[in-house]
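Letters A, B, ... mirror the listed sequences (proteins, then strands); counts begin at 1.
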Amino acid sequence: MAQKPSIPKGTRDFNPTEVAKRNYIIHTIKAHFERFGFQPIETPSFENSETLMGKYGEEGDRLIFKILNSGDFLNKADAKAYDSKDSNKITASISEKALRYDLTVPFARYVVQHQNEIEFPFKRYQIQPVWRADRPQKGRFREFFQCDADVVGSSSLWQEVEFVQLYDTVFSALKLEGCSIKINNRKILSGIAEVIGAQDKLIDFTVALDKLDKIGEEKVKAEMLEKGIPQSGIDKLQPLFSIEGDFGSQIDQLKSILNTSEEGKKGIEELEFINNGIATLGLKTATLQLDVTLARGLNYYTGAIFEVSAPEGVAMGSIGGGGRYDDLTGIFGLKDVSGVGISFGLDRIALVLEELNLFPETITNTVKVLFINFGEREAMASMKAIKQLRERGVSAELFPDNKKTIKQFNYANKRNIPFVVLLGESELESETYTLKNMISGEQDQLSFEEMLQQLS
RNA sequence: GUGGUUGUAGCUCAGUUGGUUAGAGCGUCGGUUUGUGGUACCGAAGGUCGCCGGUUCGAGACCGGUCUUCCACCCCA
C-alpha cells in the first residue's frame, strides 16, 4: 500500500456504531427541543467573513477558519500587506468567506435578515457542525456539533427558567444524572467591577476571576494586580473569595458586596427570579448552582450566563453553555431585540455517555434477518420472500454470494444479525423456511406467515 | 498561537548500551471434502518502524525538521 490516506487534525470519521450513538443523542435533544416549542432552522456552513469576524474577540478571530478566495487571489491581494508579509492584514484581501464558528452569530444574522418573516418571540433550534482552528485535545475538536436553542424577541426571565428546565429534561432523558447547571449574571460581574473601580477592565477582571478554582485565590489576585486593578479594589473583593452556602445565602453575601451598584442589584434580582422559579418547579436530576466566578461569552452576553458540567468524577470541559444577549442583533443593525439561548455540546456529551456506559444496548441498527445463499434458484426464492418481508416492515437481506455456509453464518455473527433463514432445496420442496435464532441457537421450519410473525 | 508528549502489522503492544532476514497476542484470510455460526485444529498473508533529512561501517533506536496523538497554557462545546 502506498501512503495511507488521512484526515485533518481534529476531525474524525464515525463508524456505524458511533453514528447510531450520536443519532441517539441528537434525537433525544431534538425531541425535547420540539416539546419545548422550538422550531428548527439551518444556516450555511460558511458565512461572509464580515458576519463572523470581530464577533468573538481577538482570540475568536484567530480561531475562525478562513476560506481562500477562488481564482487568482494573489493578484488581487493587498500589495502592501503582501510585501510586508503581514498575515493579519492580507487575510481580508484574499479571503471573503469563513466557516461558521458557532450557531449563535449566524442565527443573529438570520434573524436580522428575515426579520419581516419571523413571528416574535421566535424560538429556534439548530443542530449543525461548527469549526474552530483550535489545537485539539480530549473533547476538543476542530469540527464538532452544537445543538442550540435560542429565543429572540422577549426579555422575559421565564425564558431563563425554561432553559434550565430544558437542560435538566434533556440530561435526565439521556440518563446523565447529576449534571450541574452553573449560572451567573453579567450584571453582577459588571457591578463588582464597578465597586472595585475596574469598570473598564471588566474582561481582564472576569477572566482572572474565572480561574479561581483552577489556580487559587493568590494567583487570581496576582493576575488582577498585573492587569492594573488597584490593590484597594482587590481588597474589596475579599468576601467574594470566601463566598459559600446555598443559592440563597450566596445571594445575601452578594447583596452586601453590591449594595452600591445599581447594575449589580439588577443582576441579583434576575438571579433571584430564576432561582425562585426553579425552586418552585423543581429539577429532575440536575442541580442549579450559582457560580459568581463563571465568566463566559462576555463579548455578547448581557444577563444570565450558563455553563453545564458533567457529573462529578468525569474529566470533561463544559458540556453545554449559554446566556442572555440583549443586543446580539444590534451588530447587524436590528436594535432592541433581546435573545437568550443555550447550547449542548454533542461530541462531549457522547464522550461522557461513553465513559459512564450510559448508551442503551439496543442502539445499533442492523438488519433483522439474513437469508443464506444456496445457489441461483434458492436465491431467487429468497429474494421473493425478502421482498414480502420488507413490504411488511421487516429489514431483510440475502447474502449475495453462494459461499460456504460457515462463511455466511460468520458474516451474520459479525454484523450481529439476530435471525438467519435457510431456504434450500428441501425447504423449497415443502414451501417452508428454516428460521434460526442466532442468539439462542434454536431453529424451526416454518410457513411464511409463521416466519413473519416471529420476525415482526 | 506557547510549552511538553506520542507514533513499530488492521488493533493492543514487545524490541537490551546503535549490530544479521523487526516479534507476540488478538483480528484477517485460507483449509479441516460449500446445510449450521459465535467456542476446535492446521496453515498463510500482512510492516518503506509516521514522513523528510542528518550522524555512523551500520539507525526502529541518536540528532534536526515536519505531520499526527494526547496534555498543560490560551480559549472554549
Counterpart base for [N], defined by Watson-Crick or G-U wobble contacts under 3.5 Å:
N: B:G47; answer: none
N: B:C41; answer: B:G31
N: B:C26; answer: B:G10

If you count the non-hydrogen atoms of other residues, nucleotides and ligands that lie under 6.0 Å from OH in A:Tyr24, is the total more than 12? yes
Please check if the number of heavy atoms outside A:Gln39 that lie under 6.0 Å from its CD is greater than 12.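 Counting other residues, nucleotides and ligands, CD of A:Gln39 stays at 12 neighbours or fewer.
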When the [atom1] atoms of [M] and [N] are compared, how many Å lie between them, rounded to an integer?
N: B:C13; M: B:C29; atom1: P; answer: 24 Å
N: B:G60; M: B:G37; atom1: C1'; answer: 41 Å
N: B:U8; M: B:A22; atom1: C1'; answer: 8 Å
N: B:G30; M: B:C71; atom1: C1'; answer: 45 Å
N: B:G10; M: B:U55; atom1: P; answer: 32 Å
N: B:U16; M: B:A77; atom1: C1'; answer: 47 Å
N: B:U21; M: B:G25; atom1: P; answer: 23 Å
N: B:C57; M: B:G18; atom1: P; answer: 16 Å

Do side-chain atoms of [X] reach the backbone of [Y] as a donor and acceptor pair under 3.5 angstrom?
X: A:Ser95; Y: A:Ile67; value: yes
X: A:Asn184; Y: A:Ala295; value: no
X: A:Ser430; Y: A:Ser426; value: yes

Looking at every strand, decide which applies to [X] at a 4.0 Å heavy-atom threshold: base, sugar-phosphate, or nothing.
X: A:Gly322; value: nothing
X: A:Asp102; value: nothing
X: A:Val207; value: sugar-phosphate
X: A:Leu423; value: nothing
X: A:Glu425; value: base
X: A:Ile319; value: sugar-phosphate
X: A:Gly139; value: base
X: A:Gly57; value: nothing

It should be established whether [X] places a side-chain nitrogen or oxygen under 4.0 Å from OP1 or OP2 of nucleotide [N].
X: A:Lys414; N: B:G27; result: no
X: A:Lys9; N: B:U68; result: yes
X: A:Lys211; N: B:C73; result: no

What is the distance from CG of A:Asp148 to C1' of B:A77, rounded to the nearest Å?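 The distance from CG of A:Asp148 to C1' of B:A77 comes to 9 Å, rounded to the nearest Å.
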Quickly work out the A:Glu58 CD to B:U2 P distance and round it to whole Å.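 One finds 15 Å between P of B:U2 and CD of A:Glu58, rounded.
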Could you tell me whether the side chain of [X] has a donor or acceptor atom within less than 3.5 Å of a complementary atom in the base of [N]?
X: A:Lys436; N: B:U36; result: yes
X: A:Gln408; N: B:U34; result: no
X: A:Glu427; N: B:G35; result: yes

I want to confirm an ordering. Mapping A:Gly345 and A:Pro8 to their closest nucleotides on RNA chain B, which one lands closer to the 5' end? A:Pro8
First of A:Asn413 and A:Gly320 reached from the 5' end of RNA chain B, by closest nucleotide: A:Asn413
Interatomic distance, A:Asp150 atom CG to A:Ile342 atom CD1 [nearest 0.5 angstrom]: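 The distance works out to 8.5 Å.
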Using 0.5 Å steps for rounding, measure from the CD1 atom of A:Ile188 to the CD atom of A:Glu270.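 Here the rounded value is 8.5 Å.
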Residue [X], side-chain heavy atoms: nucleotide from [options] that is nearest:
X: A:Arg62; options: B:U36, B:G1, B:C29; value: B:G1
X: A:Lys138; options: B:U34, B:A77, B:C70; value: B:C70
X: A:Glu59; options: B:C75, B:U32, B:G37; value: B:C75
X: A:Asn410; options: B:C71, B:A77, B:G37; value: B:G37
X: A:Ser343; options: B:A77, B:U34, B:C75; value: B:A77
X: A:Arg135; options: B:C76, B:G37, B:G1; value: B:G1
X: A:Pro136; options: B:G31, B:U34, B:U69; value: B:U69
X: A:Phe141; options: B:C71, B:U36, B:A77; value: B:A77
X: A:Arg348; options: B:C71, B:U28, B:A77; value: B:A77
X: A:Gln137; options: B:G37, B:U36, B:C73; value: B:C73

Scan side-chain atoms only and decide if A:Ser318 and A:Ser309 contain a donor-acceptor pair under the 3.5 Å cut-off. no
Just wondering, do A:Phe409 and B:G38 stack (centres under 5.5 Å, planes under 30°)? no
